[in-house]
Colleague: 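Take a look at this one; I'll ask things after.
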There are 2 protein chains.
Amino acid sequence: MPAEPSSALPASPPLTERQEARRRRILHASAQLASRGGFDAVQMREVAESSQVALGTLYRYFPSKVHLLVATMQDQLEHMHGTLRKKPPQGATAAERVAETLMRAFRALQREPHLADAMVRALTFADRSVSPEVDQVSRQTTAIVLDAMGLENPTPEQLSAVRVIEHTWHSALITWLSGRASIAQVKIDIETVCRLIDLTAPEADS
Amino acid sequence: MPAEPSSALPASPPLTERQEARRRRILHASAQLASRGGFDAVQMREVAESSQVALGTLYRYFPSKVHLLVATMQDQLEHMHGTLRKKPPQGATAAERVAETLMRAFRALQREPHLADAMVRALTFADRSVSPEVDQVSRQTTAIVLDAMGLENPTPEQLSAVRVIEHTWHSALITWLSGRASIAQVKIDIETVCRLIDLTAPEADS
DNA sequence: CGCTAATCTAGAACAAGTTTCAGACTTGAT
DNA sequence: ATCAAGTCTGAAACTTGTTCTAGATTAGCG
């Protein structure tokens, strides 16, 4: 298994070694600050200082705070996908496996609630200028869910169900992060939405 | 039928007439600016000027831009709930009626996409300090959906389904507003998630 | 090596959300 | 009518995201 991640961006100009190192330092600083105090604690000047880079350079690498945090999320997601791949969920049905996978991810986020806050808020606050990056996150999430379902060729109906699951996932996270829903409630909602999977299984076609 | 809306906030100190007028002017200015250019176009200094109120006063009425926009959303939601009540959806099943209601709301939002942008972005960007107000919006939305279902005493399962529908509603709106999903896709996702209602109907209990 | 274009740095400057403050105005109670 | 308390105003100040500029450094190339 080669080191190259499965789906990197078009990679317009290949980065030199030092540039790659800068990029890593920036993402690391971003995640570190986010872990401390969430979205507000990621201040561009501080990120620049922590990663030993001038402010202008930071903006050359990531054209806005939201871009930076979405990239941070891409980074974390790749991690998580790798982790999940090693220990696939054990449930008997696709719905169970997806729910189990999402709850596992949820528990990981609970360990770093501030980081989760920063990433999710950035993701939902992103405007059109960040669409490509947000889309990439969405594709990665879809891949994780489809992995859990064990599907190669999902039907359009199933894809819609997966989109709805992702919608619920993001929005439920937000309600939890802003203290309006308990962990138990998020769990219930995830389990509820996962029932859609059974409903859209090919043999259950209406 | 009295003028008092069904569920106002605790209403700590009752406002004088002039204060009520100020509050209305502010909300009106906010909605107007939002209709022009969305979230970014609602600039606190401009809102203050448009509503003939000092900046400090604006902040006394609404402690942050997000508070202001969430309050604007409450206002619009009350409007919409009233409109919907007059022409209840005609679908045969609860799922159809909910989907119809949400699509009607969606079409209303499409007429003012910038306003929708401002309100939805504020809603999902809100942090804990805005929780009470966001919760109020959520309750209002829940009321609209339950109205469409025609339910008096929903089961916990059904409430979870309604929450999932709201999650999908908000998140699907965001993907549409940020240009990552088409109107058709939003429609499909809404219809998909509404199928959950049938799944949680009391007689279909697992 | 020496040149050129691209990149990086430090720092100022700008934009918009938020806070603060002194003084003028309202309100409600006596 | 008058006083005290609370509210509103106008303006400045502060914070943090973002942009800009001039000069130093680096990378790639002949």
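Below, read A as the first sequence line, B as the second, and so on, with proteins coming before strands; counting in each chain starts at 1.
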Colleague: In whole Å, what is the span from the CD atom of Glu46(A) to the C1' atom of dT16(D)?
Modeller: 11 Å
Colleague: For Arg128(A), what residues pass the side-chain contact (heavy atoms from CB on, under 4.5 Å) criterion, not counting sequence neighbours?
Modeller: Ser131(A)
Colleague: If only side-chain N and O atoms of Gln19(B) are considered, is one of them under 4.0 Å from the OP1 or OP2 phosphate oxygen of dT27(C)?
Modeller: no
Colleague: For the residue pair Arg180(B) / Ser178(B), report whether a side-chain donor-acceptor contact shorter than 3.5 Å exists.
Modeller: yes
Colleague: Write down the distance between CD1 (Ile26(B)) and C1' (dT9(D)), rounded to a whole number of angstrom.
Modeller: 13 Å
Colleague: If you take atom types as modelled and just measure distance, does the side chain of Arg45(A) reach the base of dT15(D) with a donor-acceptor pair under 3.5 Å?
Modeller: no
Colleague: In residues 48-68 of chain A, what residues come within less than 4.0 Å of DNA chain C, judged by heavy atoms?
Modeller: Gln52(A), Val53(A), Ala54(A), Thr57(A), Arg60(A), Tyr61(A)
Colleague: Suppose the criterion is side chain to side chain donor-acceptor pair (under 3.5 Å): which pairs have a residue in residues 111-120 of chain B, not counting sequence neighbours?
Modeller: Asp117(B)-Arg121(B)
Colleague: Rounded to whole Å, how long is the line connecting atom CE of Met44(B) with atom P of dG17(C)?
Modeller: 7 Å
Colleague: Who pairs with Tyr61(A) by ring-ring contact (aromatic ring centres under 6.0 Å, His included), at least two apart in sequence or on another chain?
Modeller: none
Colleague: In B/S/- notation, 5' to 3', how is nucleotides 24-30 of chain D contacted by protein heavy atoms closer than 4.0 Å?
Modeller: --SS---
Colleague: Side-chain donor-acceptor pair under 3.5 Å between Arg107(A) and Gln110(A), yes or no?
Modeller: no
Colleague: Which label fits Phe125(A) and Phe125(B): parallel for a plane angle under 30°, tilted from 30 to 60°, or perpendicular past 60°?
Modeller: parallel
Colleague: Base, sugar-phosphate alone, or nothing: which one does Val42(B) contact when heavy atoms must sit under 4.0 Å apart?
Modeller: sugar-phosphate
Colleague: Short of 4.0 Å, heavy atom to strand atom, which residues of residues 33-40 of chain A count as contacting DNA chain C?
Modeller: none
Colleague: Considering only heavy atoms from C-beta outward, does the side chain of Gln76(B) approach that of Leu115(B) to under 4.5 Å?
Modeller: yes
Colleague: Using distance alone, with no hydrogens and no angle criterion, decide if Glu166(A) and Thr142(A) have a side-chain donor and acceptor under 3.5 Å apart.
Modeller: yes
Colleague: Please lay out, stage by stage, how Glu49(B) and Arg45(B) fare under the test salt bridge (charged side-chain N to carboxylate O under 4.0 Å, His left out).
Modeller: CA-CA 6 Å; Glu49(B) 194 175 350; Arg45(B) 286 177 238 265; over 6 Å; no
Colleague: Between Arg22(A) and Gln19(A), do the side chains contain a donor N or O and an acceptor N or O under 3.5 Å apart?
Modeller: no
Colleague: Donor-acceptor pair, distance only, cut-off 3.5 Å: does the side chain of Glu100(B) make one with the backbone of Gln90(B)?
Modeller: yes
